[in-house]
Amino acid sequence: MLSYVFGNWKSNKTVEEALTYIKQFQSATSNSTQTTGGNLQVVLCLPFPSLFPVKTYLDEHPIPSVSLGAQNVSPFSDGAYTGEVSARMLKGLVVYCLVGHSERRQYFHETDDDIAKKVEQLMTVGIIPVVCVPDAKTPVPGGVQFIAYEPVWAIGSGKPATPEQAEDVAREIRSHHPTAHIIYGGSVAKENIVGFSHLTTIEGVLPGGASLNPNTFINLIHAI
Ligand code: PGA
């Protein structure tokens with residue numbers, strides 16, 4: 001059963017484009033009873049500059065079951081760390097934060113040690129970390145309640161893992177983290193979402209490309 005959809009915009013959209021998106025999303029959901037609601041939680045993981053304006057918009061025009069997430073956080077608390085955004089700055093803007101996405105590991109050389117520090121910073125302020133792992137062997141800090149399994153070859157390739165493969169790895173992750181919610185990410189789309197909807201271990205999905213257009217994203221949510 002899928003209870004969570006995390007839309008990861010990655011490094012896309014200006015503030016203006018983000019506001020246009022959320023307005024379209026809002027008007028489409030207010031015209032439809034099935035878009036959100038029920039047990040499905042929808043989390044939009046936006047780039048930093050769009051978080052405050054979109055949060056302000058959502059405060060005035062709430063969309064049921066929709067909340068915000070960040071895509072990264074500083075491993076340090078406030079201080080002399082030029083260019084970094086601390087967990088305390090995100091507090092109040094987001095409910096969730098992705099940590100250790102494979103693109104962060106690949107292009108920004110994030111290590112498991114960095115990821116552990118980021119998780120600690122988030123937990124200190126009460127933001128829920130969603131730790132992304134490429135396999136079941138990658139360490140996940142204790143106490144993490146959301147783990148996203150994202151095979152590197154499936155990300156952006158248009159070739160998702162099969163639901164059976166994903167469920168196998170999810171089960172292995174679950175055996176090490178018995179209370180964590182396991183999410184799958186990697187080329188999730190409207191066309192393949194149904195296969196992931198009836199699994200017992202995977203409780204959510206993390207689409208990237210398929211979350212960038214509000215109508216495409218809503219169609220994916222409808223398909224769930
Ligand atoms: P994708 O990205 O859906 O575009 O493959 C998923 C992700 O990287 O989180």
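When a ligand or atom number is given, it counts from 1 through the structure's own listing order. Only a predicted model underlies this, so the values are computations on that prediction, with no experimental measurement involved.
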Asker: At a non-hydrogen distance cut-off of under 4.0 Å, which region of I155 contacts ligand 1 (side chain, backbone, both, or neither)?
Answerer: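 It is both parts that get close, each with some atom under 4.0 Å.
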Asker: Only one of V130, T179, V131 forms a side-chain contact (heavy atoms from CB on, under 4.5 Å) with Q145, so which one is it?
Answerer: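 Answer to the side-chain contact (heavy atoms from CB on, under 4.5 Å) test with Q145 among V130, T179, V131: T179.
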Asker: Going by atom types alone, do E167 and T200 pair a side-chain donor with an acceptor below 3.5 Å?
Answerer: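 Yes, side-chain donor-acceptor contact under 3.5 Å.
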Asker: Should you measure from each heavy atom of N8, which atoms of ligand 1 turn up under 4.0 Å away?
Answerer: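 Once the distances to N8 are compared, the set is 9 (O).
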Asker: Are any of the N/O atoms on G186, whether in the backbone or the side chain, positioned under 3.5 angstrom from an N/O atom of ligand 1?
Answerer: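 Such a contact does not occur with ligand 1.
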Asker: Considering only the protein, which heavy-atom contact is closest to atom 3 (O) of ligand 1, and what is its distance?
Answerer: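 Minimum-distance protein heavy atom for atom 3 (O) of ligand 1 reads G208 N, 2.8 Å.
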Asker: I need the nearest protein heavy-atom contact for atom 4 (O) of ligand 1: residue, atom name and distance, please.
Answerer: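 The protein heavy atom lying closest is G209 N, 2.9 Å.
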Asker: Just jot down the ligand 1 atoms closer than 4.0 angstrom to any heavy atom of P207, in number order.
Answerer: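 In order of numbering, the contacting atoms are 3 (O).
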Asker: CD1/I173 to CG/D168 distance, rounded to the nearest 0.5 angstrom?
Answerer: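 It is 11.0 Å, given to the nearest 0.5 Å.
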Asker: Which atoms of ligand 1 sit under 4.0 Å from any heavy atom of S187?
Answerer: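 Contacts of ligand 1 toward S187, numbered from 1: 1 (P), 3 (O), 5 (O).
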Asker: Not counting sequence neighbours, which residues clear ring pair (Phe, Tyr, Trp, His ring centres under 6.0 Å) with Y96? List them please.
Answerer: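 Testing Y96 for ring pair (Phe, Tyr, Trp, His ring centres under 6.0 Å), a comparison that skips the adjacent residues, returns F6, F146.
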Asker: Any atoms of ligand 1 less than 4.0 Å from a non-hydrogen atom of L206? List them with their elements.
Answerer: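 With L206 as reference, the close atoms of ligand 1 come out as 6 (C), 9 (O).
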Asker: Taking everything shown except K190 itself, do over 12 heavy atoms lie less than 6.0 Å from its NZ?
Answerer: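 No, not enclosed.
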Asker: Are any of the N or O atoms of G156 closer than 3.5 Å to those of ligand 1?
Answerer: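 Such a contact does occur with ligand 1.
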Asker: Can you pull out the closest protein heavy atom to atom 9 (O) of ligand 1? Residue, atom name and distance to 0.1 Å, please.
Answerer: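 Checked against all protein heavy atoms, atom 9 (O) of ligand 1 sits closest to E150 OE2, 2.8 Å.
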Asker: For R104, is the CZ atom crowded, meaning more than 12 foreign heavy atoms sit under 6.0 Å from it?
Answerer: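 More than 12 heavy atoms, drawn from other residues, nucleotides or ligands, come within 6.0 Å of this atom.
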Asker: Run through E84, H101, E103, K118 and flag the one making a side chain to side chain donor-acceptor pair (under 3.5 Å) with N72.
Answerer: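 By the side chain to side chain donor-acceptor pair (under 3.5 Å) criterion, N72 pairs with just one of E84, H101, E103, K118: K118.
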Asker: Which protein non-hydrogen atom lies closest to atom 2 (O) of ligand 1, naming both residue and atom, and how far is it?
Answerer: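 It is K10 NZ, 3.2 Å.
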Asker: Please check if the number of heavy atoms outside F52 that lie under 6.0 Å from its CZ is greater than 12.
Answerer: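 Not buried by this count: 12 neighbours or fewer within 6.0 Å.
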